[in-house]
Amino acid sequence: MTRFKGLWAVLSEVEDPDLRSDLTLLATAIQVHFPDRGAKERSLIEFMAIRFQWPATRTRRRLDSLVDLGVLRCSRDLADHWTKAYEVLDRPHVPSVLAVEMGA
């Protein structure tokens, strides 16, 4: 049976140290500065630009990487359906094939 990995275990498996550092910084910023709600993409881009001088493209690429790793959940805002909102997952998403095998 597969063990589910936590947030930091997933991030520790990233090979490139610079990318791992960026992903960890971004995930931590979301947890600390946007704890109660999903963080909107525009707010994250502005925060990272002001605080760490990151360009918007760098922040967007890092957000996409965190979604691909299963660390973040990306959803669309219901009001305009264009705005992306990100939320840090305590446990990474379980793929549907694995969930079916486990009987969930």
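Residues: numbered from 1 along the sequence shown.
T83 pairs by the side-chain contact (heavy atoms from CB on, under 4.5 Å) definition with K40, D77, D80, not counting sequence neighbours. Qualifying side-chain contact (heavy atoms from CB on, under 4.5 Å) partners for V14, counting only residues two or more places apart in sequence or in other chains: L19, R20, L23, L69. The side-chain hydrogen bond (donor to acceptor under 3.5 Å, both in side chains) search around T28 returns none, not counting sequence neighbours. Take R76 and apply the side-chain hydrogen bond (donor to acceptor under 3.5 Å, both in side chains) test, not counting sequence neighbours, and it matches no residue. For R42, the salt bridge (Lys or Arg N to Asp or Glu O under 4.0 Å) partners at least two apart in sequence or on another chain are E46.
Closest heavy-atom contact between I45 and A56: CG2-CB, 3.7 Å. The two residues A27 and V88 come nearest to each other via the heavy atoms O-CG2, 4.1 Å.
Between the NZ atom of K84 and the CG atom of L44 there is a distance of 11.5 Å, given to the nearest 0.5 Å. To the nearest 0.5 Å, atom CG of residue L72 and atom CD1 of residue I30 are 4.5 Å apart. Interatomic distance, CG of L26 versus CD of Q31, reported as 10.5 Å (0.5 Å rounding).
Within the structure, ring pair (Phe, Tyr, Trp, His ring centres under 6.0 Å) pairs that include any residue of residues 42-71 comprise H33-F47 (at least two apart or interchain). Sorted by first and then second residue, the side-chain hydrogen bond (donor to acceptor under 3.5 Å, both in side chains) pairs involving residues 57-66 (not counting sequence neighbours) are D22-R58, D22-R62.
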